[in-house]
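To start, the structure itself, in structure tokens.
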Protein chains: 2
Amino acid sequence: MLTTTSYLVLGLVGHLGSPTSYELKRAVADTIGGFWSVPHSQLYAEPIRLTALGMLTEEQEQGGRRRRTYTLTDTGRAELDQWLAMPTDEGTELRDLALLKLYFGGQAGDGAVQRVAERAAEVHKRRLAGYERLVSSPPPNVDLHQLSILALAARYEEEAVAFWSAVAADPDLT
Amino acid sequence: MLTTTSYLVLGLVGHLGSPTSYELKRAVADTIGGFWSVPHSQLYAEPIRLTALGMLTEEQEQGGRRRRTYTLTDTGRAELDQWLAMPTDEGTELRDLALLKLYFGGQAGDGAVQRVAERAAEVHKRRLAGYERLVSSPPPNVDLHQLSILALAARYEEEAVAFWSAVAADPDLT
DNA sequence: GGGTACATGTAATCAGTTACATGATTTA
DNA sequence: TAAATCATGTAACTGATTACATGTACCC
């Protein structure tokens, strides 16, 4: 019934207190987005569903932008708690278009693998720099668990930079 | 128009020659699944779409299981080539339910983070073992690009094991 | 005061998920 | 020959994607 997106929203609302959809969007873009992305339209649609289910309450501004702010209900809090406490057997899915292209690299034309690899190396360098900036000067209301995740993500990005640099240097992996 | 799933199917059909949907399913489960999963129903539905678009041809067995085998058309091959040659700006998304739960660990009840971490450590140990087995004795028709990806995935799994073990040992990260 | 970027949402379409269902092989 | 598992598919529903659209604030 509830999807992962639902729990993500419940968790964020719990963490942020009484955010608007736009604030959810910002929070996702800043941090979670790296390992669980959600398009912003979902961050408008999902709170509405959750409100209908009694997991959130909605309060709308009168006048101005007429923004809606959401807060957890006791039901929503209980649902979130129970989900957080349940271990999962799913591992990590390294969803990555460039890896998918490399996977089929044997079928690619001349130079294709190298060009893909060069771009991927750049992308991961940028992300790595971003994470390092975040870890060294974290925004307010980022806690230790969240920081540790950023550190793990940063380590992955390091691996990825090394990996793609090697592929770019020797696209046929001889 | 074409989705990533489309290209995944085109790539697999190109790689395997003339697979059935079931063979696509096996190929995904064995290797790609770790970094780009697709439910099996899509591996039945998508080739039908691609056939309608003229990118695949379908041949159906008479009698027996009446399986359908697919092969690339020239159009399909061209579409795949062009996609493979195009670099992408998207990075890796580390889609991981356990990380998401840990992200909200500050809101979780007593012992929840630890239990999630213990399970996650086990899951990643198993995956690591699986990748190592694959790398040391790869199945036939796995090429060098694919092997290198498995090696990268294995390195991530090592990181993950270390990460989750540390969290399990000290859930509050003091 | 006009442009530009930020902020806030809605609508249509369709891929993806989930569940169901049954046929073919193997094995005990 | 019964049970279990592998293999092959279909159907319904809905969440996710994509595109559009407009309002508000800020800056030059």
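Heavy-atom basis, side chains included; hydrogens, waters and symmetry copies ignored. Numbers restart at 1 for each chain; the letters A, B, ... are given by sequence-line order, proteins then strands.
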* Flag side-chain contact, heavy atom, 4.5 Å: A:Thr31 against B:Tyr103 -> yes

* Lys/Arg-Asp/Glu bridge criterion (N-O < 4.0 Å) met for B:Arg115, B:Glu118 -> no

* **Side-chain heavy-atom pair B:Leu134, B:Asp30 within 4.5 angstrom cut-off** => no

* Taking every non-hydrogen atom, the tightest pair across B:Arg67 and B:Thr20 -> CD-CG2, 3.8 Å

* Tell me, which of residues 8-21 of chain A have any heavy atom that sits under 4.0 Å from an atom in DNA chain D? -> none

* For DNA chain C, find the residues of residues 46-58 of chain A with a heavy-atom distance under 4.0 Å and give them by number; none if there aren't any. => none

* To do: Can you tell me the distance, in whole Å, between the NZ atom of A:Lys25 and the C1' atom of C:dG9?
  => 10 Å

* **Contact residues, residues 35-45 of chain A to DNA chain C [heavy atom, < 4.0 Å]** => A:His40, A:Ser41, A:Tyr44

* Asked: So do the side chains of A:Leu94 and B:Leu152 get within less than 4.5 Å of each other, counting heavy atoms only?
  -> no

* Any donor-acceptor pair under 3.5 Å from A:Arg49 side chain to A:Leu2 backbone -> no

* **Check: A:Thr73 side chain, A:Gly54 main-chain N or O, donor-acceptor pair, under 3.5 Å** => yes

* Using atom CD of B:Gln60 as one end and atom C1' of C:dG23 as the other, report the distance to the nearest whole Å. => 14 Å

* Note, B:Asp96 side chain near A:Glu93 side chain (heavy atom, < 4.5 Å) -> no

* Between B:Tyr70 and B:Ser21, do the side chains contain an N or O donor and an N or O acceptor separated by less than 3.5 Å? -> no

* Look at the rings of A:Tyr156 and B:Tyr156 and say which category their plane angle falls in: under 30° parallel, 30 to 60° tilted, over 60° perpendicular. => perpendicular

